[in-house]
Amino acid sequence: MRTMIQGNYISELMTDEYGFSLWILNDLEIQDTWREQLLDLDVSIHEGEMRIPRIKMVETLLTILKWNVEISEQLRAWIRLMQWSMRVAELGCFYPGMMQDGNIYYSKWMIDFSLTKIREELHEWIRFFRDEINGKKSETMVPAFVGDCLDSYIRLVINTRFSLNSGSELAKFLRYRPFYTHEEWFNHLCTEEYVIETGKRWGELFDQVTHWVSSKSGENLDIGHLGFRLRALDEDSWYIEYIWQDVNGKLKGWTELRNTHLRDEFMRQLAEASVDYPLLAERSEHTPYFCAISMNEAYVFLRHLAPRLRLKGFAVWAPPSLVQSKKARLGMQVKLNASEKTYRSSIPLQSLLDFDMSFVLGQENMSIEQLEDIYEHNKPFTKWNGEWVLLDHDSLKKAVAWAQKQKKKGKVTLKDALFLQAMSEDSDFMPVSILSFQSEGWVSQWLDLVEAKNTFEPLAQPETFQGTLRSYQCIGMSWLIQLRHWGMGACLSDDMGLGKTIQFLAYLAYCKEKGWVDRPFLLICPTSVLGNWEKEIERFVPDLKFYIHHGPNRLTVEEFTKQTGHVDIVMTTYSIIQRDFLMMQRVNWDGVVLDEAQHIKNAATIQAKVIRTIPCDHRIALTGTPIENRLEELWSIFEFLNGGYLGSLQTFRREFVQPIEKAQNSERLSSLRKLIRPFFLRRSKNDPAVVSDLPDKIEQKEYCYLTREQAVLYEQVVTELLQREEKLQGIERKGLILAAISRLKQICSHPALILPDRQYTGHVSGKLTRLQEMVEEMISEGDRILIFTQFRKMGEIIKKSLSTPNLKEIPFLHGGVVKEHRDRMVDQFQSSQGSPIFLLSLKAGGVGLNLTRANRVIHFDRWWNPAVENQATDRAYRIGQKEVVHVHKMVCMGTIEEKIDQMMERKQQLVSEIIHTGENWVTELSSNELRDLVALRNELVE
Amino acid sequence: MGKKIPAWFIQQWLSFFERQCPTYTWQRGKMDLQRGYIRQLEIRKGRLEAFVLGMDTYQVEIKSRNLSEENQKELEKIISRDPALLMKIYQRTLVQEDVVNKPHQLGFALYGVEATCSCHGRGDFCSHIIAVVLAAVECYQADYSQFLIFQGLNWEVILSDFGNQDEDAAMWDSENFSLLPIPEGSIRSFESRMGAAPPFWTASFSFQRMLEEILRKVRDEE
């Protein structure tokens with residue numbers, strides 16, 4: 001059971017030292033540490049009651065808030081009021097003042113009630129504490145408590161946040177011994193105890209201070225305030241009634257004010273209000289009851305004068321319907337009806353729908369005719385179903401014009417309907433907000449997609465798919481299939497590593513199984529991932545026949561056309577498509593899929609233009625980064641997927657790019673999100689639904705090409721090795737093989753590792769190019785990455801190639817780094833302050849470090865011992881890791897790297913036994929075995 | 001900024017006394033006022049009373065001899081039935097033209113007063129009386145009704161009768177109304193009004209800077 005503390009404000013009298021009392025409600029004893037804290041604050045503890053000195057009220061109540069205790073409802077209310085007092089102080093609503101009790105004078109910080117909001121909130125607090133407090137009225141106790149808290153808080157600030165040794169004016173003043181009475185007064189305001197003063201000179205100062213502050217505080221707090229009430233008896237009879245609101249918030253008319261003093265104040269305040277609103281004086285026939293005005297004058301009063309009167313402290317009331325925000329008042333209801341016959345699968349966005357609309361004013365429905373009638377009436381207010389409503393003529397005009405236009409058309413296209421749905425809450429875009437959509441027929445499913453209500457059931461994965469799709473991947477596949485049925489392009493934009501490739505492959509396998517596909521699919525991807533695709537197809541859908549249209553020996557037009565009749569998928573690259581687009585345009589493809597679709601982000605490039613012209617039935621874009629820099633990139637991808645959906649580029653710039661990028665219009669951004677939602681599926685690796693589906697660690701291979709230069713060097717080393725090894729024996733042969741293998745591995749990484757003196761420009765390493773692409777995408781997803789390499793020189797090259805002006809310096813931990821520096825690197829990476837990339841040499845960084853801030857691990861080159869690689873991976877994948885760790889192992893296709901990798905995959909156990917000692921086992925291979933291991937498969941060169 | 005010209009009846013009030021006392025008495029009275037020697041100035045029906053500090057504390061009383069009781073009642077009735085007039089008095093926008101054709105200029109005309117001071121000085125008006133006369137100007141300027149009260153009008157009667165002719169205009173029912181919100185931004189743009197140093201602050205330390213420093217610390221801006 002926890003200690004429960006109760007508390008109450010017990011005295012507002014300055015002569016009482018203790019203002020607040022606390023006691024424990026249950027039988028528990030107060031802890032010793034708490035007792036000590038209270039005694040430090042001069043709290044008097046006697047028989048379970050704790051009395052807080054008035055001057056320490058804030059500090060003590062703040063201290064109690066830090067304890068692990070239950071606080072009674074009453075005490076919690078006082079604490080909230082204390083916190084309100086502190087906010088009042090932070091607003092600057094205070095001044096240095098004095099209080100008098102008989103012939104005793106106290107210096108005290110006082111509240112400045114000149115802000116209406118502060119006065120009204122205080123009245124709310126008085127009403128909240130409506131019961132008697134310690135036998136006294138809340139009207140007395142609440143303001144007194146607030147005053148005590150404010151004074152206590154400012155003294156606390158002065159005594160805890162100022163240093164007497166600072167150069168501030170206050171510090172100088174406090175170091176100085178006060179001479180005049182007013183200096184003593186200010187000095188007393190800064191002390192941690194009330195100094196009692198008496199005598200004539202303090203009486204005179206009190207008069208002077210009181211006179212000075214009288215113009216600053218809300219003098220009328222204790223009397224009440226004049227308020228104005230706007231009411232209408234009928235269209236032509238509008239009135240501003242004068243009402244007195246007393247300190248309890250009770251409303252009274254003039255006849256109820258019997259006290260002359262109140263009547264005098266009433267008139268005084270009315271005269272003050274008439275300075276802002278002279279009509280009150282000019283039309284005084286019915287003063288002091290009301291002022292008769294016209295509807296137009298009522299409009300001017302409500303829109304322009306009432307806010308000014310509110311700022312000056314007057315209350316202004318009006319019918320609730322006129323006080324509500326204007327946008328909520330006029331709304332529209334839309335009905336869409338679609339029959340099966342109207343769906344045009346070839347151009348779905350142009351399918352026509354029956355369209356009907358009605359308007360809602362206040363809570364009631366209104367026909368277009370009634371809306372037109374009100375518009376023509378041209379009055380600022382209209383009475384609608386018993387309520388007065390304020391009309392915004394600009395929006396009314398737009399709404400009427402829009403409604404008339406739509407009425408004439410009678411039907412809308414699907415594209416228009418999706419726009420309406422997406423933009424329904426966009427106040428700048430729509431003439432009137434759409435309150436509800438009713439839909440019947442196939443269009444309902446579309447609208448559900450806009451509103452993120454995915455109603456479709458995930459399909460079972462195809463039988464020809466070798467592997468198991470995770471449930472979110474199954475959803476991705478089903479979603480692609482659904483959009484295929486509708487004839488709409490789809491952008492699958494999952495985070496890197498979530499398996500966009502296999503979702504597409506499952507989709508294709510499903511379509512093939514169902515017999516929907518009789519023509520090939522065209523895949524366009526960057527050269528760097530072509531190998532990955534090849535491997536993924538072989539692994540997951542081996543039945544799928546593919547042809548890679550790439551390299552200098554690619555097929556001619558005739559051969560190509562013939563070949564496409566025999567395969568399920570043709571794979572090519574963005575660079576080839578630019579050259580061979582005529583060839584591609586001649587084929588009627590089942591579909592076109594773009595991997596790393598951000599390659600067409602610039603809509604004006606030839607590449608993007610020709611890709612848009614390739615004929616097909618279904619278009620798919622796969623990309624983890626649909627927008628790298630500018631919103632226009634999204635338009636380009638959508639223009640490929642569903643041409644015309646986002647309008648022309650010019651329209652898109654005007655309606656989305658400028659409002660979102662330049663004016664930071666969040667409403668428009670939200671509308672755009674809704675608009676693209678049906679065709680856009682993005683799951684983050686941190687989505688709870690995805691995380692629960694993923695293992696703690698995901699390993700994947702990243703297959704890379706050798707560049708031509710790498711391949712030539714590789715061939716030279718292999719040829720030399722095979723020529724020489726036959727002539728050597730024993731230790732010499734072993735030495736030769738080991739040296740050659742080391743050189744081959746280096747060539748796979750970068751030619752500069754074996755030919756350091758040459759100048760390198762452009763992409764000379766396929767692996768490095770792929771690494772750059774991967775890292776760029778990972779950084780954009782907010783990942784933190786460890787990159788391991790076994791070559792120090794390679795580390796330097798990677799560091800240089802990944803360094804950009806936007807990134808902090810990439811740390812590189814290798815054997816030459818001293819311990820102190822190494823610890824600092826680790827601390828910076830772990831504290832997330834440093835670079836999101838950490839480069840490590842496998843030997844220096846592979847063991848002993850805790851780098852759990854990383855969620856991606858990349859093995860740039862392979863160590864042929866899984867245990868060593870796993871140890872390095874475990875720098876991130878260990879206790880303390882909160883995210884899924886993605887491990888990427890980079891392999892150069894067609895090289896010794898791939899051979900060894902395949903051996904490790906096939907015979908994990910055996911290999912680990914053979915190669916656990918390193919690379920010596922290679923030296924034992926026969927010449928033929930060695931040839932098979934190191935020979936380069938030329939077709940896999942870029 | 002130019003000083004506001006006093007209302008016509010205040011000018012009359014001042015010239016009434018000024019022309020009946022020597023310049024040096026007038027100047028001494030002015031100095032007494034500037035030194036803050038006036039205490040407990042009170043205007044009641046038909047009279048004005050105050051204490052003036054000096055060698056001793058002197059009691060000053062100025063009585064109005066302008067209107068008969070009957071006149072006063074007549075004027076009270078006129079004012080209480082004329083909302084426009086009453087509004088102008090409260091607004092302090094009343095001008096001489098508004099009253100010139102009204103009976104007794106509605107009480108704003110000044111014909112005669114009787115002033116006494118406990119100093120028993122020579123002449124009609126001593127410097128203490130002048131000091132109180134000058135102090136009364138501030139009261140009249142701030143509230144025109146104070147002059148009419150001095151002239152003997154019962155302001156309580158006026159306010160009590162005001163509106164009685166139009167009581168039917170009071171509209172009360174339990175219809176639902178909502179309070180208009182205070183415009184956004186008014187709180188954010190609030191600037192503490194305590195900055196200027198009080199007139200009695202003669203210390204060499206900047207009052208304004210000290211308060212600014214305290215406010216910054218309260219807001220925890222440093």
Side-chain angles (χ1 to χ4, degrees), chain A residues 89-96 112 114-117 120 153-154 157-158 161-162 168-170 172-173 176 180 182-183 186 205 208-209 212 216 229 231 239 241 253-255 260 263-264 267-268 270-271 274-275 281 284-290 306-307 310-311 315-320 323, chain B residues 36 82-93 143 145 155-160 162-164 166-172 175-183 186-187 190-194 198-215 217-220 222:
Chain A
E90 280 153 19
L91 279 172
C93 299
F94 64 91
Y95 60 85
D112 176 356
S114 54
L115 266 184
T116 309
K117 188 174 170 60
E120 288 182 358
Y153 180 49
I154 292 171
V157 167
I158 292 172
R161 295 186 193 164
F162 272 95
S168 71
E169 190 76 357
L170 186 68
K172 282 185 213 162
F173 172 79
Y176 164 85
Y180 296 111
H182 63 267
E183 289 175 345
F186 205 86
L205 182 69
Q208 289 173 317
V209 170
W212 173 63
K216 297 175 188 306
R229 199 160 72 175
R231 77 147 73 198
Y239 304 94
E241 289 180 295
W254 174 263
T255 50
T260 311
R263 284 192 167 197
D264 185 51
M267 289 305 295
R268 224 169 274 285
L270 184 59
S274 70
V275 173
S284 57
E285 301 93 294
H286 298 290
T287 304
Y289 299 106
F290 63 83
R310 290 293 284 129
L311 280 178
V316 180
W317 296 272
V323 176
Chain B
D82 190 340
L85 194 67
L86 197 66
M87 277 298 282
K88 283 187 174 179
I89 292 172
Y90 273 105
Q91 280 186 308
R92 293 175 292 155
T93 53
D143 182 357
S145 70
W155 203 253
E156 288 189 11
V157 169
I158 291 173
L159 288 179
S160 152
F162 181 54
N164 290 351
D166 197 22
E167 269 193 3
D168 295 343
M171 290 182 292
W172 284 100
E175 209 177 315
N176 191 19
F177 286 89
S178 298
L179 186 65
L180 257 73
I182 296 170
S186 60
I187 300 301
F190 174 76
E191 281 182 22
S192 178
R193 296 194 297 165
M194 66 190 177
F200 54 83
W201 186 267
T202 55
S204 58
F205 300 97
S206 167
F207 181 84
Q208 197 164 349
R209 209 177 312 151
M210 287 196 292
L211 287 182
E212 280 168 8
E213 285 170 1
I214 291 169
L215 183 57
K217 293 286 183 185
V218 166
R219 288 174 175 166
D220 210 7
E222 289 169 12

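Letters A, B, ... are given to chains in the order of the sequence lines, protein chains preceding strands, and every chain is numbered from 1. Quick caveat, the model's predicted, so the values are computed rather than measured.
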Can you check whether [Y]'s main-chain N or O pairs, donor with acceptor, with [X]'s side chain at less than 3.5 Å?
{"X": "R268(A)", "Y": "Y90(B)", "value": "no"}
{"X": "E156(B)", "Y": "T260(A)", "value": "no"}
{"X": "K217(B)", "Y": "R161(A)", "value": "yes"}
{"X": "E169(A)", "Y": "R209(B)", "value": "no"}
{"X": "Y289(A)", "Y": "G163(B)", "value": "yes"}
{"X": "R263(A)", "Y": "S160(B)", "value": "yes"}
{"X": "W254(A)", "Y": "F162(B)", "value": "yes"}

Discussion item. Need one label for L205(A): side chain, backbone, both or neither, based on atoms under 4.5 Å from any heavy atom in chain B.
Written reply: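 Only the side chain of L205(A) comes within 4.5 Å of chain B.
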
Fill in: Per-residue contact mode, F173(A) against chain B (heavy atom under 4.5 angstrom)
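Contact with chain B: backbone and side chain both.
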
Would a 4.5 Å heavy-atom cut-off, applied to side chains only, mark [X] and [Y] as touching?
{"X": "E285(A)", "Y": "P83(B)", "answer": "no"}
{"X": "Y153(A)", "Y": "V218(B)", "answer": "yes"}
{"X": "W201(B)", "Y": "F186(A)", "answer": "yes"}

Could you tell me which non-hydrogen atom of [X] sits nearest to which non-hydrogen atom of [Y], and how far apart they are?
{"X": "G92(A)", "Y": "L215(B)", "value": "CA-CD1, 3.5 Å"}
{"X": "F177(B)", "Y": "P320(A)", "value": "CA-CD, 4.1 Å"}
{"X": "I214(B)", "Y": "L170(A)", "value": "CG1-CD2, 3.9 Å"}
{"X": "P96(A)", "Y": "L211(B)", "value": "CD-CD1, 4.2 Å"}
{"X": "S284(A)", "Y": "M87(B)", "value": "CB-CG, 4.2 Å"}

Worksheet item: For T202(B), is it the side chain, the backbone, both, or neither that has a heavy atom closer than 4.5 Å to a heavy atom of chain A?
Response: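 Contact with chain A involves both backbone and side-chain atoms of T202(B).
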
Item to complete: Test side-chain contact (heavy atoms from CB on, under 4.5 Å) on L86(B) and T287(A) and set out the steps.
Response: CA-CA 9 Å; L86(B) 197 66; T287(A) 304; over 6 Å; no

Worksheet item: After noting the C-alpha distance and the side-chain angles of E120(A) and L179(B), does the key distance pass the side-chain contact (heavy atoms from CB on, under 4.5 Å) rule?
Response: CA-CA 11 Å; E120(A) 288 182 358; L179(B) 186 65; 4.2 Å; yes

